[in-house]
Protein chains: 2
Amino acid sequence: MSQEGVGAGVDLETSLGYLLKEASSALRAAMEEVLRPLGMSVTHYACLELLAQRPGLSNSELARGAFVTRQTMNVLLQALERDGYVTRPAEAPVGKALPTRLTPSGRRSLEKASAAVRSVEARMLAGLTETEQSGAFRILKSMINSLHGDKEGA
Amino acid sequence: MSQEGVGAGVDLETSLGYLLKEASSALRAAMEEVLRPLGMSVTHYACLELLAQRPGLSNSELARGAFVTRQTMNVLLQALERDGYVTRPAEAPVGKALPTRLTPSGRRSLEKASAAVRSVEARMLAGLTETEQSGAFRILKSMINSLHGDKEGA
DNA sequence: CAAGCTATGTCAGAATACTGACATGAGTCA
DNA sequence: TGACTCATGTCAGTATTCTGACATAGCTTG
């Protein structure tokens with residue numbers, strides 16, 4: 001049922017951009033599936049994982065790391081703080097940035113989620129050799145770099 | 001702001017899943033940037049591009065192709081129909097599925113958007129050889145396949 | 001010092017996408 | 001035929017994320 005080529009369109013069957021979106025969508029769906037039983041969303045997990053690996057990140061830094069706006073991250077952080085997963089000082093030690101840290105409860109919650117997500121990533125990479133994986137890493141890095149540079153010709 | 005030198009255990013920096021999300025996020029942002037002047041969102045564009053290449057797709061089929069729920073696509077289609085970009089028959093020729101088609105207006109609108117998106121994709125792929133691109137294609141396909149297969153043995 | 005610029009945290013409203021639910025049409029199977 | 005299952009279109013409500021706006025802290029520059 002797919003004939004009728006339109007001139008000069010983006011061929012979805014061969015478009016790397018479309019494939020990138022499909023892969024990202026599949027990864028997100030798979031993560032949601034394993035995180036749902038743990039009562040955690042993907043963004044929740046991303047925030048906690050970031051804090052585990054880089055303690056003391058501010059709201060804005062977490063937002064950039066999770067690829068959401070700082071307003072969105074702020075709402076999430078308030079919920080996580082209310083539920084006792086993270087803590088923030090009442091006053092900023094310097095500037096306005098409030099360094100955030102995991103509580104023991106948050107760390108426990110993250111451990112199960114982190115294991116689940118790692119298993120998803122392992123499944124995603126099953127069938128790829130080490131060489132292919134490092135190739136994928138380099139290629140994705142190149143794509144990101146090319147997209148971020150606005151006027152820059154690579 | 002917390003200083004750089006985030007030296008310890010930055011597993012996110014080596015995670016292909018994280019990199020995949022970053023690349024997808026960068027692509028989406030770049031697409032939004034070029035589509036905004038045309039008054040079109042990414043989902044909007046995806047729907048029109050799908051219809052250009054596969055005329056007669058139903059609401060549910062479009063939803064799957066654009067990686068959103070059929071409810072979300074339904075809302076979008078109603079808006080596109082109201083604005084005269086697509087048409088759907090009042091009654092289903094068979095079953096309940098309503099085959100959707102672009103109007104001349106929708107086709108015109110798509111042409112500019114498609115060119116803009118094509119330039120973004122070209123920028124993304126700048127700096128990658130043909131071999132690298134076909135490698136990326138194969139690797140992404142493998143990731144998607146591995147994530148979708150639930151109990152699938154290799 | 002004063003002015004300008006940038007980054008941050010936060011509140012509020014708007015846009016977007018999702019989950020739940022219901023009715024309908026088509027195919028399957030006993 | 002009738003019951004069952006599945007896919008679809010659609011309405012309604014909820015949830016999530018975004019854009020806009022404001023005040024404040026720190027740095028830079030004249």
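The structure displayed is predicted, hence computed values, not measured ones. In what follows, chains are A, B, ... by sequence order, proteins preceding strands, each numbered from 1.
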Peer 1: When you look at A/R28 and B/K21, which way does the side-chain contact (heavy atoms from CB on, under 4.5 Å) test go after all the steps?
Peer 2: CA-CA 9 Å; A/R28 187 178 187 89; B/K21 182 174 180 180; 4.3 Å; yes
Peer 1: For nucleotides 10-14 of chain D, give me every protein contact, N/O to N/O, under 3.5 Å, one pair per line with atom names.
Peer 2:
residue, atom, partner, partner atom, Å
D/dT10, OP2, B/N74, OD1, 2.8
D/dT10, OP2, B/R88, NH1, 3.1
D/dC11, OP2, B/Q78, NE2, 3.1

Peer 1: Tell me every residue that passes side chain to side chain contact (heavy atoms under 4.5 Å, CB included) with A/T14, counting only those two or more places apart in sequence or in another chain.
Peer 2: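 Listed in chain order: A/D11.
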Peer 1: Rounded to whole angstroms, how far apart are CG on A/L77 and C1' on D/dT16?
Peer 2: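 Whole-Å distance recorded here is 15 Å.
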Peer 1: Linking I/L/V/M/F/W/Y whenever their side-chain heavy atoms sit closer than 4.5 Å, directly or via other members, would B/L140 and A/F137 fall into one cluster?
Peer 2: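 Shared cluster, yes.
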Peer 1: Taking atom P of D/dT8 as reference, at what distance in whole Å does atom CG of B/L57 sit?
Peer 2: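 In whole Å, D/dT8 P and B/L57 CG are 11 Å from each other.
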Peer 1: Tell me what A/T69 touches on the nucleic acid: a base, only sugar-phosphate, or nothing, going by heavy atoms under 4.0 Å.
Peer 2: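 Touches a base.
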Peer 1: If you look only at pairs with a residue in residues 88-115 of chain A, which of them pass as a salt bridge (charged side-chain N to carboxylate O under 4.0 Å, His left out), with sequence neighbours excluded?
Peer 2: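 Output for this query lists A/E81-A/R88.
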Peer 1: Could you list the residues that satisfy side chain to side chain contact (heavy atoms under 4.5 Å, CB included) with A/T129, not counting sequence neighbours?
Peer 2: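 Per chain and number, A/T129 pairs via side chain to side chain contact (heavy atoms under 4.5 Å, CB included) with A/T131, A/E132.
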Peer 1: Take a 6.0 Å sphere around OH of B/Y45 and say whether it holds more than 12 heavy atoms from other residues, nucleotides or ligands.
Peer 2: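 Yes, the 6.0 Å shell around OH holds more than 12 heavy atoms from other groups.
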Peer 1: What's the spacing between B/M73 CE and B/L80 CG if we round to 0.5 Å?
Peer 2: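 With rounding to 0.5 Å, CE (B/M73) is 8.5 Å from CG (B/L80).
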Peer 1: Select base, sugar-phosphate, or nothing to describe what A/S41 touches, counting heavy atoms under 4.0 Å on all strands.
Peer 2: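 Answer is nothing: A/S41 stays at 4.0 Å or more from every strand.
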Peer 1: Within this structure, what is the CG-to-C1' distance between A/L35 and C/dC18, rounded to whole angstrom?
Peer 2: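 Atom-to-atom, A/L35 to C/dC18, this comes out as 17 Å.
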Peer 1: Expressed in angstrom and rounded to an integer, what is the separation of B/E91 atom CD from D/dG9 atom C1'?
Peer 2: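 After rounding, the reported distance stands at 14 Å.
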Peer 1: Among B/L38, B/L35, B/L76, find the one that has a side chain to side chain contact (heavy atoms under 4.5 Å, CB included) with B/H44.
Peer 2: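 Result for side chain to side chain contact (heavy atoms under 4.5 Å, CB included) with B/H44: B/L76.
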Peer 1: Measure the distance from OH on B/Y45 to P on C/dT16 and round it to the nearest whole Å.
Peer 2: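 The answer, rounded to whole Å, is 18 Å.
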Peer 1: From NE2 of A/H44 over to P of D/dA15, roughly how many Å is that when rounded to an integer?
Peer 2: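 About 12 Å, once rounded to whole Å.
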Peer 1: Are any of the side-chain heavy atoms of A/V120 and A/M124 separated by less than 4.5 Å?
Peer 2: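 Answer no - side chains too far apart.
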Peer 1: Please confirm whether the shortest side-chain N or O distance from B/T43 to OP1 or OP2 of C/dA17 is below 4.0 Å.
Peer 2: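 Checking C/dA17 against B/T43, a side-chain N or O does come within under 4.0 Å of OP1 or OP2.
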Peer 1: So which protein nitrogen or oxygen atoms get under 3.5 Å of nucleotides 24-28 of chain D's nitrogens or oxygens?
Peer 2:
residue, atom, partner, partner atom, Å
D/dG26, OP1, A/G95, N, 3.1

Peer 1: Which whole-number value in Å describes the distance from B/M40 CE to C/dA15 P?
Peer 2: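 Taking atom P of C/dA15 as the reference, CE of B/M40 is at 18 Å.
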Peer 1: Would one find a side-chain N or O of B/S60 under 4.0 angstrom from OP1 or OP2 of D/dA7?
Peer 2: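 For D/dA7, OP1/OP2 do not have a side-chain N/O of B/S60 under 4.0 Å.
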Peer 1: Within the structure, does a side-chain N or O atom of A/R64 lie under 4.0 Å from either OP1 or OP2 of C/dT8?
Peer 2: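 Yes, A/R64 has a side-chain N/O under 4.0 Å of OP1/OP2 on C/dT8.
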Peer 1: Could B/R118 and B/E49 be called an ion pair, given the rule that one side-chain N must be under 4.0 Å from one carboxylate O?
Peer 2: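 No, this pair does not count.
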Peer 1: Hey, are the side chains of B/M143 and B/L16 touching, using non-hydrogen atoms and a 4.5 Å cut-off?
Peer 2: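 Yes; the side chains approach each other to less than 4.5 Å.
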Peer 1: Report the distance from atom CE of A/M73 to atom C1' of C/dG9, rounded to the nearest whole Å.
Peer 2: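 Rounded to whole Å, this separation is 14 Å.
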Peer 1: Could you walk me through whether B/M31 and B/L27 pass the side-chain contact (heavy atoms from CB on, under 4.5 Å) check?
Peer 2: CA-CA 6 Å; B/M31 287 177 65; B/L27 175 59; 4.1 Å; yes
Peer 1: Angle between the end axes of the helix from C/dC1-D/dG30 to C/dA30-D/dT1, five pairs per end, to the nearest 10 degrees?
Peer 2: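 For the helix from C/dC1-D/dG30 to C/dA30-D/dT1, the axes at opposite ends meet at about 30°.
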